[in-house]
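Here's the structure we're looking at; comments come further down.
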There are 2 protein chains.
Amino acid sequence: MTSPRHVRRTPAGAAAAQAIPVPVLRRMPGYLQALRQFRTEGLEWVSCTRLAGRLGLDPALARKDFTALDITGKPKTGFPVTGLIRAIESCLGWDNVRDAFLVGAGSLGRALLGYRGFREHGLNIVAAFDTDPGKIGSSLHGTQVLPLSKLAGLARRMRVAIGIIATPAAAAQEVADLMVAGGLRAIWNFAPTSLSIPPEVLVENEDLSRTLAVLSQRLQARRALELEENG
Amino acid sequence: MTSPRHVRRTPAGAAAAQAIPVPVLRRMPGYLQALRQFRTEGLEWVSCTRLAGRLGLDPALARKDFTALDITGKPKTGFPVTGLIRAIESCLGWDNVRDAFLVGAGSLGRALLGYRGFREHGLNIVAAFDTDPGKIGSSLHGTQVLPLSKLAGLARRMRVAIGIIATPAAAAQEVADLMVAGGLRAIWNFAPTSLSIPPEVLVENEDLSRTLAVLSQRLQARRALELEENG
DNA sequence: TCTTAATCGTGAAATTAAGCACGTTAAAAA
DNA sequence: TTTTTAACGTGCTTAATTTCACGATTAAGA
Ligand SMILES: NC(=O)c1ccc[n+]([C@@H]2O[C@H](COP(=O)([O-])OP(=O)(O)OC[C@H]3O[C@@H](n4cnc5c(N)ncnc54)[C@H](O)[C@@H]3O)[C@@H](O)[C@H]2O)c1
Ligand SMILES: NC(=O)c1ccc[n+]([C@@H]2O[C@H](COP(=O)([O-])OP(=O)(O)OC[C@H]3O[C@@H](n4cnc5c(N)ncnc54)[C@H](O)[C@@H]3O)[C@@H](O)[C@H]2O)c1
């Protein structure tokens, strides 16, 4: 009934279709956040005009982004808030919880372990690993810290698919190798270093310095401009 | 002698030239990381071929990115490692230390306060702010935690330009407003919410869920593909 | 000195992403 | 019931980004 010759990208759709572009995926959490806010405000339907407006995006962009989802809007009305939330969650795989291992129980690792927001993103950290004997055996936010040597074995036994690296950069490659050996399928790397990983394992680098680079360069550029203009 | 009619983007250059594109800026920290590694390996010169190779990028892209810098390479030899490091740092403003305020001394805030890597990025967190009476007055990694009410005044007095938000999303807008009131020029926002900020203040959102969205959707898509193929 | 080979800088081509415009549709108003 | 209006879906246009290609340059080796 809806979108007849429209190519589906959802898991249900056959033949891989087309990969959803990275920029589209990166906007999805923003939509989700705004939609949840609208929902708490009691809104049941929302237009792309309003949704995109809140996020400072072009309405047409939102509409285009949503063609990657299994949902269509209604003219004059827009999209059902709850339905759109569900569609985005389903697209991202956030409707099912997936277990993850975290390596590096330092200050960043502890923050990640204690972060409750990951539940809403389908991520459940089930164990932490470290090499520091002082940390092994302790429990952080209810999660056990285990010796790194147990990682590969446990990963296979527990069929864990996601690994999070929060060790110093110098240790990251070694940890990544263990993760690959343990059969993990995806690595979320917080260490500021580029990893060598076989192509069958997905890697995403969360490098804070990338954002900082944009911020500080722009700030510096503005300063230079002001100095030039005013004096 | 070098690059005669080449338009400069450095602060020294007149008339604003052209803004360096965001994708270029976001690659800079990666180059920097690889270059530092090369330097510790004793390398004095490096070609774009080798540098980009380590990062999985196209050599031509690196060359083009470096046109934003105040440096030129030599045929057959490449770029001087140290010179290129300095040129990138100067471009990003990482050669000067800038003071910053952090708001929200929770688990993420504490991790950021303790992170020594920011020194290399020209960022020096000089004070933390919170509303929790239990945290105010304490000291984290040598940084005082002050009441939020002091932020605006202190920011003006100390001429701090950068603010970091590490509070819950619900408090982020309020904190951002105080930062604007205090005359901060740039905000680095770790709360997963979009802020309303006047255009003269720069904002960069560090939303971890964006990276996670890419990772988990790709993982899910692979799973679906495998299920289809194998059984 | 002359040749070879690696790399640079850059314009042109290709690819990808974003924005626009318009015909269509459904709700609400006349 | 008819008209008006807001918003959808989508093909087309424009802009941004990346890749390709090649002449120019310089170091090293014959
Ligand atoms: N803390 C931050 O705010 C922050 C910000 C940006 C990036 N990072 C990056 O995140 C990573 C962790 O930072 P951190 O501040 O938590 O550091 P940290 O020193 O507090 O923690 C690192 C942890 O890793 C453990 N470790 C070291 N080698 C290991 C190994 N081979 N296997 C397993 N565990 C090992 C250490 O025992 C320690 O517990 C670093 O790469 C850092 O650059 C941190
Ligand atoms: N912890 C993580 O790993 C993580 C990961 C991703 C995103 N984040 C985001 O970072 C932010 C902080 O996360 P967290 O885990 O540190 O939370 P947290 O609850 O540990 O810390 C929040 C801190 O902010 C303070 N605070 C609350 N309201 C305030 C206000 N109005 N003004 C000043 N301070 C205020 C609290 O007292 C507390 O100290 C959140 O927005 C969270 O969504 C955290």
Side-chain angles (χ1 to χ4, degrees), chain A residues 1-9 17-28 30-31 34-35 38 43-81 83-84 87 210 214, chain B residues 1-9 17-28 30-31 35 38 43-81 83-84 87 210 213-214:
Chain A
M1 193 232 271
T2 55
S3 62
R5 65 215 122 108
H6 167 225
V7 180
R8 290 278 158 80
R9 275 102 163 211
Q18 196 102 43
I20 303 174
V22 170
V24 176
L25 291 176
R26 289 178 59 87
R27 281 190 292 271
M28 290 295 182
Y31 295 130
L35 286 165
F38 283 131
L43 214 64
E44 290 184 16
W45 293 84
V46 69
S47 67
C48 288
T49 313
R50 198 198 291 210
L51 177 57
R54 165 112 24 147
L55 298 168
L57 301 173
D58 189 298
L61 185 59
R63 279 201 288 272
K64 203 154 262 182
D65 287 347
F66 295 161
T67 61
L69 306 174
D70 246 343
I71 194 173
T72 48
K74 279 207 288 191
K76 182 86 180 186
T77 314
F79 291 80
V81 173
L84 193 47
R210 288 205 293 225
V214 178
Chain B
M1 194 230 273
T2 55
S3 62
R5 65 214 120 110
H6 167 227
V7 181
R8 290 279 158 78
R9 276 100 162 210
Q18 195 103 43
I20 303 174
V22 170
V24 176
L25 291 175
R26 290 179 57 87
R27 280 189 292 271
M28 290 296 182
Y31 295 130
L35 286 165
F38 284 129
L43 214 63
E44 290 183 17
W45 293 83
V46 69
S47 67
C48 287
T49 312
R50 191 182 315 195
L51 176 56
R54 166 112 23 147
L55 298 168
L57 301 173
D58 189 298
L61 186 59
R63 278 201 290 272
K64 205 151 260 185
D65 286 349
F66 296 161
T67 60
L69 307 174
D70 246 341
I71 194 173
T72 50
K74 277 207 291 191
K76 184 87 179 185
T77 314
F79 290 80
V81 173
L84 194 47
R210 288 205 293 226
V214 178

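Naming convention: chains lettered A, B, ... in sequence-line order (proteins, then strands); numbering from 1 in each chain.
Between B:V22 and A:V214, the shortest heavy-atom distance links the atoms CG1-CG2, 4.2 Å. For B:A87 against B:L69, the heavy-atom pair with the smallest separation is O-CD2, 3.7 Å.
In this entry the distance linking CG of A:L57 with P of C:dA17 reads 16 Å, nearest Å. Summarising the geometry, the separation between CZ on B:F66 and C1' on C:dT10 is reported as 16 Å, rounded to the nearest angstrom. If you measure from atom CD of B:Q18 to atom C1' of D:dA16, you get 11 Å, rounded to the nearest angstrom. Between the CZ atom of A:R26 and the P atom of C:dA17 there is a distance of 13 Å, given to the nearest Å. Between B:D58 atom CG and C:dT16 atom P there is a gap of 14 Å when expressed in whole angstrom units. Spacing between atom CG of B:D65 and atom P of C:dC8 amounts to 13 Å, rounded to whole angstrom units. One interatomic measurement links the two molecules: CG of B:L84 to C1' of C:dG9, which rounds to 15 Å at whole-angstrom precision. Taking atom CH2 of residue A:W45 and atom P of nucleotide C:dT25, one finds them 18 Å apart after rounding to whole Å.
Side chains of B:P80 and B:I71 form a contact here, defined as non-hydrogen atoms less than 4.5 Å apart. Between B:Y31 and B:L57, the closest side-chain pair of non-hydrogen atoms falls below 4.5 Å.
Closest to the B:C48 side chain, of the nucleotides C:dC8, C:dA18, C:dA5, is C:dC8. Considering only the side chain of B:F79, C:dC8 comes nearest among C:dT10, C:dC8, D:dT17. Candidate nucleotides C:dG19, C:dA18, C:dA26 were compared by shortest atom distance to the side chain of A:K64, and C:dG19 ranks first. Among the nucleotides D:dA7, D:dA21, C:dA18, the one closest to any side-chain atom of A:S47 is D:dA7. The listed nucleotides are C:dC8, D:dA21, C:dA17; the one nearest the side chain of B:A60 is D:dA21.
Annotation: of the two residues near DNA chain C, A:L61 and A:T77, the 5′-most nearest-nucleotide partner is A:L61. Sequence order on DNA chain C of the closest nucleotides to A:P75 and B:G78 puts B:G78 first from the 5' end.
One finds a side-chain N or O of A:K74 lying less than 4.0 angstrom from the OP1 or OP2 phosphate oxygen of C:dA27. Taking 4.0 angstrom as the limit, B:R63 places a side-chain polar atom (N or O) nearer than this to OP1 or OP2 of C:dC8.
You won't find any donor-acceptor pair under 3.5 Å spanning the side chain of A:K76 and the base of C:dT25, going by distance alone.
Note that CZ of B:R50 and CZ of B:F79 are 15.0 Å apart. Values are rounded to the nearest 0.5 Å.
Counting non-hydrogen atoms under 4.0 angstrom, A:R50 reaches nothing in the nucleic acid.
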